[in-house]
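In what follows, every chain begins at residue 1, and chains take the letters A, B, ... in the order their sequences are listed.
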There are 2 protein chains.
Amino acid sequence: MSFETVSTNKAFGGVQGVYRHASSATGTPMTFSVYVPPHEDGAKLPVLWYLSGLTCTHANVTEKGEYRRACAEAGVIFVAPDTSPRGEGVIDVPDYDFGQGAGFYVDATQAPWSEHFHMRSYLEDELPALLAAEFPMADMGRQGITGHSMGGHGALTIGLRNPERFRSVSAFAPIVAPAQVPWGQKALGGYLGDDPAAWRTHDAVALIEDGARLPELLVDQGDADNFLAEQLRPQLLADACAAAGIPLTLRLQPGYDHSYYFVSTFLAEHVAWHAARLKA
Amino acid sequence: MSFETVSTNKAFGGVQGVYRHASSATGTPMTFSVYVPPHEDGAKLPVLWYLSGLTCTHANVTEKGEYRRACAEAGVIFVAPDTSPRGEGVIDVPDYDFGQGAGFYVDATQAPWSEHFHMRSYLEDELPALLAAEFPMADMGRQGITGHSMGGHGALTIGLRNPERFRSVSAFAPIVAPAQVPWGQKALGGYLGDDPAAWRTHDAVALIEDGARLPELLVDQGDADNFLAEQLRPQLLADACAAAGIPLTLRLQPGYDHSYYFVSTFLAEHVAWHAARLKA
C-alpha cells in the first residue's frame, strides 16, 4: 500500500472517494476522503480542507456534513483527513479527548506520543503533496481550510501559520485558545510538554497575539453548544482579532448545539464563502 | 415509556427529533425520527414518510439523507420509522435480509415471526395515529410516502393499498416485485408462508396487476446499482404501470449505486416533488 482506493461512490454528479496510504509522517496507515465535483476534463479546481473534531474520523463529515451539493455547485474539491494516527501499533488511552481520535493537529514531542502523533507534518506537508500527486484536478494554488471543534482549532492554527497556502479560513465551534481551556491544556501538555511557551504556535489566539495575520475569518458557533463557555470561548478570538485588526465574522447561531446537525446546517454556506475567495 | 424524546437537535432552522414509544402493533419499543421544519405557530404542515432499506434503522437516512434543507425550504415534515421490531425479546436470524432490520413492511403470519413482525399495522395504523396525537403541526390530510430499496417496496405497496391516505408516492431503487426476486421470495415466504397468493398485497407489481392505482409515480434508480438486475428489476414496474395507465417517471441515473450517496443526491428533488403535490 502506498496509495489505495477504499471506496468511490458517485454523488451529486461527482465522486466521493475514500483513500488510504502509508504515511511517513505518522508511520501508520492513514485514511482520508476526497469529494471531486463534476468538472470538465483538464479543469483545475480549488481545494477546501475540512478538519474534524474529537472522536471523529474522515467518515463523520463525509456521511453527515451535507457539503457535496454545495461543492458540486461551486466546483470545489473537499478533503477530509482523519484526526490522528490509529491502529494496534499506536499508543492510546481510553480518554475521548486525548490519544487516538484526538491528535490536536500537533507534532508531539513527548514520549510515547512522539512516535506517531505528527498530525501537523501530516497536514502541512505530506497530505497536500499526496493530494497534488494523486488528484491532478486539484489546484494547490487555491486552497481554503475549515474545521469543527478540535478541527476548528486545527483550521485556525494551520491557516494562521500558513497564510501563503490558504486564501480562506473559517471554522465551526472552534477551540480558539487551547492554552486557556481544559481540552487544550490536557492535549498540548500531553503532546508538547508542560512549558506553555511551546503551545503558542498551536493556539489561534496566541498566534494572533504573536503577530500571525489573516485577511479575514468566518466562524459559526451555536449558542446552545454545551462546550461554549468552558472549552470554546469564542470571545477570546473576537478580542484577539479586534486587537490585531483581523476582520472576523463571528455568527452566534441561536439554538444550535455542537453536533453535525449544526455543522451540516451551515457547511454549504462555508463552502460558498470559500469558493468566492478561491475563484479569483 | 409511552412516548419519549430520545434527542432533539436544531437543524436548518427546524428540529430533528428522535422518539421512542411502546408499540402495541409490534409489542416492542420502536424508535423513529421526525424532522419538523421552521414554521409559524399554529401552521399545519404536510408529512412525507420515508421507509428505509435492509439493515437500516431510522438513523441511516436521518444522518445521511440530506433532506432537511429541502424540507425546511418546502415546509414539509419528514418521518423516518425503523425497519423492524428489535431487541432481546425479538426473534432474529443472522441474515441481513430477514429478521431484525428486514421487516419488509408486512404483518407476519408465520411463527415465530408473527409474534412481533407487524410493520404493516405499525405503519398503516399505529404510527400515523401517534404522529397525529404528538405532532399537532402534522397535517395528516396531506401525506406522501417514499423509501429506499426494501423501503421503496414499502412505500409503493403501502401507497398502492392506501390511495386515500397518500397524495404522492415515490421510491429510490425499490424492490418492485418481491414475489419475483430472491430477497422478496425469502422474506414473503418466511413471514407470510409458502402460498404466493398471500404475497400479492405486498408486491407493488402484483397490486397494480390486481387493480390498485396511483395518480402518478416517481422512481429513481442508479444504473450502477449492484442489485439492479437480480433484486430490483424496475422494468417490471414500468411494464405494470404501462399496462395500467399509471404515469411513471422512472429515472435511470447513470453511475449511481445503491448507497446513501445515491439517495442523498436525489432526496431533495423528491421532497420538492412531494411538496408540490401536497401543497394544494
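- You'll find the side chain of B/Glu66 stays beyond 4.5 Å of the side chain of A/Tyr67, heavy atoms only.
- Heavy-atom distances place the side chain of A/Asp257, and not its backbone, under 4.5 Å from chain B.
- Once rounded to the nearest 0.5 Å, the distance linking CG of A/Asn9 with OH of B/Tyr260 reads 14.0 Å.
- The structure places NZ of B/Lys64 at 14.5 Å from OG of A/Ser264, a figure rounded to the nearest 0.5 Å.
- Of the inter-residue distances, the one linking B/Tyr261 atom OH with A/Gln16 atom CD reads 5.0 Å to the nearest 0.5 angstrom.
- For A/Lys10 (side chain) and B/Pro254 (main-chain N/O), a donor-acceptor pair under 3.5 Å exists by modelled atom type.
- Taking all atoms of both residues into account, the shortest heavy-atom contact from A/Phe12 to B/Tyr256 is N-OH, 3.5 Å.
- Contacts between residues 34-62 of chain A and chain B, counted as heavy-atom pairs separated by less than 4.5 Å, involve A/Thr62.
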